[in-house]
Structure formats: C-alpha cells, structure tokens
Amino acid sequence: MLDINLIREQPDRVRKALSDRQMDPAPVDRILALDARRRAILTEVEVLKARRNTGSKEISLEKDAAARKTKIEAMREVGFNIAAFDKEVAEIEEELRSVAAIIPNLPDARTPYGKDDSENVVLRTVGQLPKFDFEPKIHWDLGPELGILDFERGVKITGSRFYVLTGLGARLQRALIAYMLDLHNRQGYLEQYTPFMVKAATLYAAGQLPKFADNLYHDAEEDLWLVPTAEVPLTGLHMDEILEEKQLPLQYTAYTPCFRREKMSAGREVRGIKRGHQFDKVEMYVFCKPEESDARLEKMREHAEATCTGLGLTYRVKQLCTGDIGFGATMTYDIEVWAPGLQEWLEVSSISNDTDFQARRANIKYRPADGGRTRFVHTLNGSGLGMPRTLIAVLENYQQADGSIKIPEVLLPWMGGVEIIRQ
RNA sequence: GGAGGGAUGGCCGAGUGGCUUAAGGCAACUGACUUGAAAUCAGUCGUGGCCGCAAGGUCACCGGGGGUUCGAAUCCCUCUCCCUCCGCCA
C-alpha cells in the first residue's frame, strides 16, 4: 500500500512507477478522483456530526417537553443527512481500498529500467563453472538412479508435479534445511515456527491478496489459505502492532513448506523438481527503521550468499529490473546457482526491500525513542534458498563419475555418518 | 461438536441510554523538592482521518461488522477470539 498523501502530492511519480513496471497508470487518476470526493464529503459531514453532538446534548438538558420534541425532530433530519453521507464515504473508501490495493510499490531509483526478466542485470559471478571429466547427469536421472527421488509415486499419491524424496534424499533435504536455519541463527535471525495456513487478512498484509489469489490454495470450508512463502506468516507476526524503537531491528528466520497453484504450461519446465506446487524454503525476514533498510538489504544479500558459499556452489547475483521486481519490492537481488546437469542458472533466492509497503498494509509501526510520532517500519525478505533448486544444485554439482553424490562438508553433521550417496 | 462465561487505553479495572470530552489505580515521561536517589507533590500520558503555514479546530474509534435511537462502551443481531465444563481426537 502506498501512502495516499504521496499519490496525492506526487501523482506523476506514481504513474511513472507503474509504467516502468509495464503496468497501466490509469488507476492513479481514479484514486485521485475518489480521494478528492472523499475529502469533500468528510468536511461536510463532520460539520453535521458536530451539530448532532451539541444538539443531542441540548436535548438531554431540555426540560420543556414541546421544545424537546422540536429539537428531536430537527436532529432526526440531521441524522438522515449524516447517514447518507456516511454511506457514500463508505462506498468511496471501499473502492479506494480496492484500487489502492493493486498499486505496487515504487521502484527504487537504483532499480534499472527494463521491460521484463530478460533485462535483469548480472552484477557478478562468484566461483568458476565446474569442470567434469565425464558428462554430468541431470538430477531427474541421478535421483531415481540412486533411489532417492521418486517421481512416479509422487504422481500416484497426489498428481502431476509432485514427487517423493526417499531415504538419503529426504535426509539430504532435511540437512539443507537444518544447515540454513543454523546458519541464519548465527547471522542473527531468530528462528520461528509458524502456521502454514493463514487467514486472508494476513495474505493481504504481505501483499499477496487480492492480486494473487489465483496462485494460492484456499480451503473454502474454514476460509484458510496455504502459505506461498514464509514471508506471509512472518509479516503477519507483528500485524497491528506498535513496536518500540529499541526492539528494532527484528530479524527472523523460518522454515516452511510453500504452496503455489501457479498454472504451469505442460511440456515446458515441467520435468524434474525445479518448479512444483509444493516446495520447502528457509526464509529471512527483517523489520527495521526506515533509515536502515538500505543497509539491511545488502546484509541480507550477503547472508544469502554465505549460504551458497558454505555449500560450495557457484552462483551469480542479479539485480532485477523495474519490469520484474515483485509487487511490494523497491529493489531486489536474485541469487542463481549453477546446475551443471541442466546447464542453467537456477534462481534460489530473491532478496527484496519492501520499504514501508507491507508495513502499511499490515499496520506495523514503531515509536521513536525520542517520543515522536509513530512511523511505519520497513520490511525486507529474502529466501535463505529455495529447497528443491538447492537440492538440484547439490546433486548435480557433487555428482561423481560413478553416479554417486558426495555430501557437501557443511551438511555432514546431519547425515548420520553418510559421506557419499551411492546406489 | 455441545453448554455456559468473557473481550474497555501500555497493564489492572469502573462504567447496563444523556454532566463520560471513558472514573480510579499501576507503569511511563516532565517538572518541583533533594548532594544524588527513594518518597512526596504538580503536570503530561492512546490511535487515526479531515481542515489549517501554524497555533489550533473537528470527527471517528471501548474485539470486528451491522442495526435501534435525537443520542450507544451501555440495547438488539452477527462474526471472531479467549476462559470453564462435556464430547471427540494425533
């Protein structure tokens, strides 16, 4: 949610942001019209309400029955007018909310212009592309051959795009999750275990609703939604709270499964475990003071990079362009790891500064230590790496000529003595 | 799932139709007294909208939404959450 004052005072800036994001700027004009009408009515109706307040008080003091009756009649008339205005204001505010709810955040000035993901900018590549003295296999061959990845049974019990990790495959993923959570704990993030189902208000707060309802799983009977990312419950933790400045920054990490209904075209990118309706992820999330969010974004990027470095994976850092940054984001870094089997870069992490966008929707403020007016906090989110893709990278990078997988050293503490996954 | 009881400011807690612009207490902050602190005294002490350069004015908010009324924290309907008991249950 943008500040209505900002839209009112700098509509051209908002229009430009929308067109930079390849969106229609027309809603800005609708908002301006609704806002002007709303304020005009408010000034009128408030005069009436003030009159009603004093009038009602006079009635309570009026001893003469006839005079009392006259006054009540007059006030009844005022009441009708108030009700009519109130109704109109309510309608305007509802439309204002629904239009404003689909306006994305303003891209940061440093976010490069670009029409879509093809214009994202590679900032740097860390590590060398690994060389193999054999033809590296793709994870969808490696996994089943080792008996740690079972596509057929996933399809049998649930359907297309679902798979089962078996034995050391499941354990390897659990090791990755534990490794990331422990690393983020050391980096200063407080671990959270949250519900995986949330109510609509929580999704709205994080910016997922109303715009992305199509991508979410919803239980109609209980009116609960499955989380598409831990970012949603983590944002919700402090909904409708006023924090003290000394509490900030609040840094959280959480593991959750993520559920996404996105319509995926059959035949394209369907193979393997790269993209599914259910995947696991460890997330980082920060609530901080506005003046700190710039620096926190860089810190969080470093923390995500450390995850890759620890695993010994070659990766590159991209800066997303205006046409590709997320709905609530002002600036976003993506981290992609190299998958030598697939021969492609896999997006495993996305780190964004949402500034006060989510905080407005979630109504999360803080009280400055000097006692000044409350202000909205800034929020940042970043994947500590998405699981199936990281798993792909580990399998494909650590494969050996005989088809076995060497376990990365940082994962050994959770592998129960297993150092190599063999057939 | 069934029966009953609740939800008031940071916290506790009064308040069942109009001198309530929500009593009182605690906590916090400011000042006075004090060498300093404690105690005491005085004051301040919620969030947001609208108008205004400002000072200030005004409106709304007593879990959410709706209704009755000239007037609602208070009455009615409804939803959510919490507590007690019963049932079921990993």
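Note that these values count all heavy atoms, side chains included, but never hydrogens, waters or copies made by symmetry. First the proteins, then the strands, lettered A, B, ... as listed; each starts at 1.
The shortest distance between the side-chain N/O atoms of A:Lys199 and the OP1/OP2 oxygens of B:U80 is not below 4.0 Å. Checking the phosphate oxygens (OP1, OP2) of B:G48, a side-chain nitrogen or oxygen of A:Lys365 falls inside 4.0 Å. Put simply, A:Asn53 has a side-chain N or O that comes within less than 4.0 Å of OP1 or OP2 on B:A60. For the pair A:Arg8 and B:C50, the criterion of a side-chain N or O lying under 4.0 Å from OP1 or OP2 is met. A:Thr374 has a side-chain polar atom (N or O) that falls below the 4.0 Å cut-off from OP1 or OP2 of B:G48.
For the residue pair A:Cys288 and A:Arg296, the shortest heavy atom distance occurs at SG-CG, 4.0 Å. In plain terms, the two heavy atoms of A:Met387 and A:Val282 that are nearest each other are CE-CG2, 4.2 Å. For the pair A:Val227 and A:Met197, the tightest heavy-atom approach, listed with the atom from each and the gap, is CG1-N, 4.3 Å. Minimum interatomic distance between A:Asp280 and A:Pro388 (heavy atoms only, all atoms of both residues): O-CD, 3.9 Å.
Taking atom NZ of residue A:Lys246 and atom P of nucleotide B:A28, one finds them 12 Å apart after rounding to whole Å. A straight line from CG of A:Asp240 to C1' of B:C61 spans 14 Å, rounded to a whole angstrom. One can place CZ of A:Arg373 at 16 Å from C1' of B:C45, the figure rounded to the nearest angstrom. Protein atom CZ of A:Arg367 is 8 Å distant from nucleotide atom P of B:G10, rounded to whole Å. Taking atom CG of A:Leu48 as the reference point, atom C1' of B:C70 lies 14 Å away to the nearest angstrom. Per the geometry, CD1 belonging to A:Ile72 stands 9 Å off C1' belonging to B:G71, to the nearest Å. As rounded to whole Å, 7 Å separates atom C1' of B:C50 from atom CZ of A:Arg38. Counting to the nearest Å, the P atom of B:C70 and the CG atom of A:Asp64 are 19 Å from each other.
Between the side chain of A:Arg68 and the base of B:G18, at least one donor-acceptor pair of N or O atoms lies under 3.5 Å.
Near RNA chain B, meaning a heavy atom under 4.0 Å from it, residues 75-101 of chain A has A:Met75, A:Arg76 in order of number.
Rounded to the nearest 0.5 Å, atoms NZ (A:Lys289) and CZ (A:Arg375) are 9.0 Å apart. Atom CG in A:Leu385 sits 11.5 Å away from atom CD1 in A:Ile177 (nearest 0.5 Å).
Place A:Ile242 and A:Val47 on RNA chain B by their nearest nucleotides, and A:Ile242 ends up nearer the 5' end. Between A:Arg39 and A:Lys57, the one whose closest nucleotide on RNA chain B sits nearer the 5' end is A:Lys57.
B:U40 is paired with B:A32 under the Watson-Crick or G-U wobble criterion, all donor-acceptor distances under 3.5 Å. Applying the Watson-Crick and G-U wobble criteria (two distances, each under 3.5 Å), B:G17 pairs with nothing in any strand. A 3.5 Å limit on both hydrogen-bonding distances identifies no Watson-Crick or G-U partner for B:A90. Nucleotide B:A22 is matched to nothing when pairs are restricted to Watson-Crick or G-U wobble geometry with both distances under 3.5 angstrom. For B:A55, there is no paired nucleotide, since no Watson-Crick or G-U wobble pair has both relevant distances below 3.5 Å. Remark: B:U84 base-pairs with B:A3; criterion is Watson-Crick or G-U wobble with both hydrogen-bond distances under 3.5 Å.
Spacing of C1' atoms, B:U84 relative to B:G31, comes out at 49 Å, to the nearest Å. Rounded to whole Å, the P atom of B:G2 lies 39 Å from the corresponding atom of B:A60. Here, B:U78 and B:A14 have their P atoms 27 Å apart, quoted to the whole Å. The gap from the C1' atom of B:C12 to that of B:U69 amounts to 33 Å, rounded to the nearest Å. Spacing between B:U68 and B:G17 at atom C1', rounded to whole Å, works out to 11 Å. On the P atoms, B:U30 is 23 Å away from B:G24, given to the nearest whole Å. For the P atoms, the distance linking B:U47 with B:U35 amounts to 37 Å, nearest Å. Nucleotides B:C33 and B:A38 are separated by 12 Å at their C1' atoms, to the nearest Å.
Aromatic ring centres of A:Phe287 and A:Tyr366 lie farther apart than the 6.0 Å criterion allows. Aromatic pair A:Tyr285/A:His238: ring centres not closer than 6.0 Å.
No engagement by A:Arg51 is indicated, since no non-hydrogen atom pair under 4.0 Å with the nucleic acid exists. Looking at heavy-atom distances under 4.0 Å, A:Lys49 makes contact with sugar-phosphate atoms alone, never a base. Contacts of A:Leu42 with the nucleic acid, taken as non-hydrogen atoms under 4.0 Å apart, involve only primed sugar atoms and P, OP1 or OP2.
There is a side-chain donor-acceptor pair under 3.5 Å between A:Asp334 and A:Ser350.
Evaluation of the side chain to side chain donor-acceptor pair (under 3.5 Å) test over residues 165-187 of chain A, restricted to residues two or more places apart or in two chains, returns A:His184-A:Gln187, A:Asn185-A:Glu191.
Checked against B:C51, B:U58, B:A60, the side chain of A:Ala50 finds its nearest nucleotide in B:U58.
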